[in-house]
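Since the structure comes first, as structure tokens, the remarks are kept for the end.
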Amino acid sequence: MYVCLCHGISDKKIKKLALESGILDIRGIKRCTALGSQCGKCVKQAKEILSDTVQIYSQAS
Ligand code: FES
């Protein structure tokens, strides 16, 4: 599913950055991608996905 339609960034990409690259905050995701740099509508949903991913990851480890 696309989270950022302006730049074609999917939820999978956000989860991958969090789990494989250890980027666990929205600022880091924004630094690595163009997320939120155009209309900004995607940032709220991206934060929720990131938060859920971090929570699931921390419960599993
Ligand atoms: S949807 Fe991400 S910047 Fe517009």
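Keep in mind that the numbers below use all heavy atoms, side chains included, and drop hydrogens, waters and symmetry copies. All ligand and atom numbering here is 1-based and tracks the order in the structure.
Around atom 2 (Fe) of ligand 1, the protein atoms of type N, O or S that sit closer than 2.8 Å are Cys4 SG, Cys42 SG.
For Ile23 against Gly28, the heavy-atom pair with the smallest separation is CG2-C, 3.4 Å. Between Lys30 and Leu35, the closest heavy-atom pair is CG-O, 3.6 Å.
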Could you go step by step and tell me if Leu17 and Thr33 meet the side chain to side chain contact (heavy atoms under 4.5 Å, CB included) rule? CA-CA 10 Å; Leu17 284 169; Thr33 66; 3.8 Å; yes
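A continuous path of ILVMFWY side-chain contacts below 4.5 Å connects Met1 to Ile26, so both sit in one hydrophobic cluster.
Using modelled atom types and a 3.5 Å distance limit, the side chains of Ser37 and His7 yield a donor-acceptor pair.
Between Thr53 and Ile14, every side-chain heavy-atom pair lies at or beyond the 4.5 Å cut-off.
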